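Below: one structure, written as structure tokens.
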Amino acid sequence: MLFRPLAAAAALVLLLLPPAASAAEAVNSGGVAITFFLAFVTATLGVTWWAARRTHSTHDFYVAGGRISGLQNGLAIAGDFMSAASFLGVTGLIFGFGFDGLIYAVGGLAGWPLVLFLLSERLKNLGKYTFADAVTLRLAATPIRCLAASGSLVAVVLYLIGQMVGAGKLIQILFGIDYAVAVGCVGTLMMVYVCFGGMLATTWVQIIKAVLLLSGGSLVTVLVLAQFNFSLDQLFVAATQQHARGVAVLAPGGLVHDPVSVLSLGTALVFGTAGLPHILMRFFTVPNAREARRSVFFATAFIGYFYVLTFIIGFGAMALVMGNPQFADATGRLLGGDNMAAIHLAHVAGGPVLLGFMSAVCFATILAVVSGLTLSGASAISHDLYASVFHPHASEQELVRVSRYATIALGVVAVLLALLFESQNVAYLVLMAFTVGASVNFPLLFLALYWRHLTTSGALTGGVLGLVLAVGCIVLGPTVWVEVLGHAEPIVPYKYPALFAMCASFSGSIVVSLLDRSERAARERAGFNAQYIRAQTGLGAEGTPA
Amino acid sequence: MDHCYRAIDADPRFHALARARSRLGWGLGGVMLVTYYAFILVIAFRPAWLARPLSSTTVITVGIAAGVALIVLGVALTGVYIWQANRSFDARNRAIVDAARRAV
């Protein structure tokens, strides 16, 4: 049973080879990239094979048996967060807009201390596989799980589209393979990792990739700084000489102009992290609250370091790639768009070998992140919906089977949507996932953990309000309504709806909870004490003796 | 389990620990949120403040230095929390849970 997927994956890799070789002139390091990429795929399929032999129960499948250490989990969390959209997207934004790209980096990092201080230990002490476990300890299971699963699935699918579109574009440019074939390859490999290796394989794929991305990024950074005698000032001077906006590129105002947009973007970034289901799920893969805490510390340190790298790489690309005719198309724009700035910089800094290595690393990044996302989506379907709402008496084997079907279904949906949204801006799609996380999952989780008076009806009102507003504003806003659907004027003028949707979600939950005088509400408030003591002490938590 | 919870609820050490943890968490979280939103609000309403160079000898602006400083601050704050939590919270928590188990 194990060899069939491996054989299928091998066939797929062989499929990859001929067109890549023939299109090698598109990027003259295609061969190097293919070699590194094949090494990565072989290693990760080996890991998947090893993990598959250790994955039997739902506990293994969803959370790797809860046996991941704090450092390993920290690397995996960092890996989840350092997606291709973060690396290519943020370096691309800095390359194109200078300072305003830095807002993404600062906002992305600032969410992590909050996750550590307010959520990580409590979540680990209360939950089992998904964050809905923690929330439904005192609230009504069926409606709240439906809400949490909806929020999770919308966020996961938006994030998945972003990653898949990025992957397709990257492979198309690097290896000269057709977009649809590229997206299909990513989808298939991801399904193999998740279906057979579960969380254990997904975590190790993520760890391998995080180490590769951090070391590759460090190498590019050091080589770039060496060209400027390790003087940041010289680097920035060279960058401002290339950019059309000159020294203004080192100041705010390139990307977001009106105050409301800045505030809303900043809010989505800082609170979205605390609502992303594939990140929240990682707290259940460690044995206890202490390791959960350590994993966030390691993750924050790695992510902070990573953003400092992307910052230097972004400005390095501005200094060395911008204005270089080798990387411009006929109209003077960057080959492959701004998202390729980091890749071109690797070429300048380290020649074809480093270009090949960084290309393979970016592809590995996408594979690892879509695997983590799909696994969290599959657990929302099988654990929150199938097992807890529709079939409470389902057996272990049945649940693992349902999770695998859900993985395949999500993989197929992701591939189809990636084909449909081919021309969408990757960073924007990912930001929308953050918006849904900040407007649905975060308010629900935060209020359930911290506010005694939250009731089921309040949580439902707020959650539905947040979800409808977030999705509604995205669809009716300038990006989708005007750019995708071709209408003349957006119905909602703001591009970043997180501020409104999150405030509406919080106020809806609070007002309805306070007005709720039902008997159930009284029971739910009375249940807060036991939940609070368990959250604080870990007594009764999953995986600890009662 | 309910007996254990009741024993813990009656233990003043538990409430002292919960208060200490919440003071540290909200204190450090407050520092992060206030500095982060100060940065965001300045970008929104007074972007010119961040456009000035750090000194007359460099092109690096106040905004860039502030952004990188915020990243470093975030990592440093998590370090402080972990250091505090490892140093005292875990041991105090274990003592409280063990006492409750013995009492039941």
Side-chain angles (χ1 to χ4, degrees), chain A residues 98-100 102-103 105-114 116-118 121 232-233 236-237 239-240 247-248 250-253 256 258-263 265-267 269-270 289-290 293-294 296-297 299-301 303-305 307-308 311 315 529-530 532-534 536-540 546, chain B residues 1-2 4-6 8-9 14 17-18 21-22 24-29 31-33 35-37 39-45 47-48 50-53 57-64 66-68 70-79 81-82 85-86 89-90 93-94 96-97 100-101:
Chain A
F99 178 87
D100 281 13
L102 186 62
I103 301 176
V106 174
L109 191 100
W112 282 101
L114 300 177
L116 171 65
F117 305 151
L118 304 178
E121 294 166 83
L232 279 177
D233 206 43
F236 285 121
V237 168
T240 52
V247 279
L250 302 177
V256 268
D258 66 301
V260 175
S261 289
V262 175
L263 212 59
L265 170 67
T267 302
L269 286 169
V270 73
R290 182 191 167 88
R293 190 168 69 209
R294 288 183 67 220
V296 190
F297 171 64
T300 312
I303 293 167
Y305 174 67
Y307 275 133
V308 172
F311 181 63
F315 279 104
N529 263 359
Y532 177 74
I533 291 170
R534 175 168 162 180
Q536 289 277 354
T537 60
L539 189 64
Chain B
M1 195 62 69
D2 278 354
C4 258
Y5 286 155
R6 235 169 282 146
I8 290 176
D9 204 11
F14 167 72
L17 173 62
R21 190 181 280 160
S22 132
L24 182 69
W26 284 106
L28 297 176
V31 171
M32 189 75 239
L33 272 180
T35 47
Y36 174 71
Y37 269 97
F39 179 69
I40 292 293
L41 286 170
V42 171
I43 294 174
F45 296 103
L50 298 176
R52 282 176 303 190
T57 55
T58 177
V59 294
I60 298 176
T61 56
V62 175
I64 285 183
V68 174
L70 267 176
I71 293 178
V72 175
L73 175 73
V75 177
L77 290 177
T78 59
Y81 183 86
I82 294 288
N86 286 353
F89 292 168
D90 285 343
N93 191 35
R94 227 176 355 257
I96 293 163
V97 172
R101 284 217 183 96

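Each chain gets a letter, A, B and so on, in the order its sequence line appears, and its residues count up from 1. Just so you know, these numbers come straight off a predicted model, no measurement behind them. Just so you know, these numbers use all the heavy atoms, side chains as well, and skip hydrogens, waters and symmetry mates.
- Taking the six-membered ring for Trp and thresholds of 30 and 60 degrees, Phe39(B) and Phe99(A) have ring planes inclined between 30 and 60 degrees apart.
- Among the candidates Ile82(B), Leu50(B), Val42(B), Leu70(B), the residue making the largest number of heavy-atom pairs closer than 4.5 Å to chain A is Ile82(B).
- Counting heavy-atom pairs closer than 4.5 Å to chain B, the top residue among Ile533(A), Leu109(A), Val270(A) is Ile533(A).
- Neither the backbone nor the side chain of Phe89(B) comes within less than 4.5 Å of any heavy atom of chain A.
- Among the candidates Thr57(B), Asp90(B), Val97(B), the residue making the largest number of heavy-atom pairs closer than 4.5 Å to chain A is Asp90(B).
- Listed for the Tyr37(B) side chain is no donor-acceptor partner under 3.5 Å among the backbone atoms of Leu263(A).
- Proximity to chain B is absent for every atom of Asp100(A), based on heavy atoms less than 4.5 angstrom apart.
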Can you check side chain to side chain contact (heavy atoms under 4.5 Å, CB included) on Val262(A) and Phe45(B), steps first, answer last?
CA-CA 9 Å; Val262(A) 175; Phe45(B) 296 103; over 6 Å; no

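- For the options Gly29(B), Ala76(B), Ala48(B), heavy-atom pairs under 4.5 Å to chain A are most numerous at Gly29(B).
- Considering every non-hydrogen atom in both Val106(A) and Gly67(B), the closest pair reads CG2-O, 3.5 Å.
- Looking at Ala85(B), the atoms closer than 4.5 Å to chain A (heavy atoms on both sides) sit in the backbone and in the side chain alike.
- Among Ile8(B), Leu17(B), Val62(B), Ile96(B), the residue with the largest count of heavy-atom pairs under 4.5 Å with chain A is Ile8(B).
- In this structure, chain B has a heavy atom under 4.5 Å from the side chain of Leu114(A), while its backbone stays farther away.
- The nearest pair of heavy atoms linking Gly74(B) to Pro113(A) is O-CG, 3.6 Å.
- For Leu250(A), the parts lying under 4.5 angstrom from a heavy atom of chain B are both the backbone and the side chain.
- Heavy atoms only, all atoms of each residue included: Ala51(B) and Ala251(A) are closest at CB-CB, 3.4 Å.
- In the model, Thr58(B) has a side-chain atom that pairs as donor or acceptor with a side-chain atom of Asp233(A) under 3.5 Å.
- For Leu118(A), the part sitting under 4.5 Å from any heavy atom of chain B is the side chain, from C-beta outward, and nothing else.
- For Arg534(A), there are no side-chain hydrogen bond (donor to acceptor under 3.5 Å, both in side chains) partners, not counting sequence neighbours.
- For the set Val68(B), Val72(B), Ile43(B), Leu77(B), the entry with the most heavy-atom pairs within less than 4.5 Å of chain A is Ile43(B).
- Interface remark: Arg6(B) contributes no atoms to any contact with chain A (heavy atom separation under 4.5 Å).
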Do Arg293(A) and Asn86(B) pass the side-chain hydrogen bond (donor to acceptor under 3.5 Å, both in side chains) test, and can you show the C-alpha distance, the side-chain angles, and the key distance before you say yes or no?
CA-CA 10 Å; Arg293(A) 190 168 69 209; Asn86(B) 286 353; 2.7 Å; yes

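- Heavy atoms closer than 4.5 Å to chain B are found nowhere in Thr240(A), neither backbone nor side chain.
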ring-ring contact (aromatic ring centres under 6.0 Å, His included) assessment of Tyr307(A) paired with Phe311(A)
CA-CA 6 Å; Tyr307(A) 275 133; Phe311(A) 181 63; over 10 Å; no

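- Looking only at heavy-atom pairs under 4.5 Å with chain B, the residue among Gly111(A), Ser261(A), Gly107(A), Ala248(A) that has the most is Gly107(A).
- Both the backbone and the side chain of Tyr5(B) come within contact range of chain A, with heavy atoms under 4.5 Å apart.
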